[in-house]
Engineer: 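Sharing a structure below in structure tokens format, with a few things to ask.
These numbers were taken from a predicted model, which means no experiment stands behind them.
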Amino acid sequence: MKHWLMKSEPSTFGVDDLEKAPKRTTCWDGVRNYQARNMLRDEFSKGDLAFLYHSSCDVPGIVGTAAVARRRWSTKARRTGAALRPARPA
């Protein structure tokens, strides 16, 4: 099992959004950094744990944990993603 750091702006997608997502699972995609996108595509596995990191806020830091619920996929628009679900409170 691997551990990942998932960075997000709280105003774009926060840990509360993950808790409120349908079936408490959401797609994590839109990664622009090529190296990070390739890791998402090639190395993420179901059951891996991720730390959710909020940046650009009053107190940046890890705000929760998530688990990879579904391994990668790609779309016709060449977007790669993985499904995340909450794991347990940070």
Engineer: About how many Å separate OG1 of T12 and NE2 of H54, when rounded to the nearest 0.5 Å?
Structural biologist: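 If we round to the nearest 0.5 Å, H54:NE2 and T12:OG1 are 9.5 Å apart.
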Engineer: Side chains of R37 and R32, heavy atoms from C-beta outward: is any pair under 4.5 Å?
Structural biologist: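 No. Closest side-chain heavy atoms not under 4.5 Å.
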Engineer: Report yes if some heavy atom in the side chain of D48 is under 4.5 Å from a heavy atom in the side chain of H3; otherwise report no.
Structural biologist: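 Side-chain contact under 4.5 Å: no.
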Engineer: What is the minimum heavy-atom distance between P10 and D17, and which atoms define it?
Structural biologist: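 Of all heavy-atom pairs spanning P10 and D17, the closest is O-OD2, 4.5 Å.
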Engineer: Quick one: CG on L5 to CZ on F51, what's the gap to the nearest 0.5 Å?
Structural biologist: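 Result: 8.5 Å between the selected atoms.
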Engineer: Could you pull out the closest heavy-atom pair between L49 and A67, with the gap in Å?
Structural biologist: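 Closest pair (atom of L49, atom of A67, distance): CD2-CB, 4.0 Å.
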Engineer: Are E9 and K7 packed together at the side-chain level, in the sense that at least one heavy-atom pair is separated by less than 4.5 angstrom?
Structural biologist: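 The answer is yes, as the side chains (C-beta and beyond) meet within the 4.5 Å cut-off.
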Engineer: Looking only at the aromatic ring of each residue, does the gap between the centers of F44 and W4 stay below 6.0 angstrom?
Structural biologist: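 When the ring centroids of W4 and F44 are compared, they turn out to be within the sub-6.0 Å range.
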Engineer: Between CZ of R41 and OH of Y34, what distance do you get to the nearest 0.5 Å?
Structural biologist: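 That separation rounds to 11.5 Å.
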Engineer: When L52 is tested against each of T65, I62, L18 for side-chain contact (heavy atoms from CB on, under 4.5 Å), which residue passes?
Structural biologist: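 Only one of T65, I62, L18 forms a side-chain contact (heavy atoms from CB on, under 4.5 Å) with L52, namely L18.
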Engineer: So, for M1 and G47, which heavy atoms are closest and what is the spacing to 0.1 Å?
Structural biologist: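 Closest approach of M1 to G47, heavy atoms only: SD-O, 3.6 Å.
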Engineer: Are K46 and R70 side-chain neighbours, meaning at least one heavy-atom pair lies under 4.5 Å?
Structural biologist: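 Answer no - side chains too far apart.
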Engineer: Looking at side-chain heavy atoms only, is the closest gap between Y53 and P60 below 4.5 Å?
Structural biologist: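 With C-beta onward as the side chain, the pair touches.
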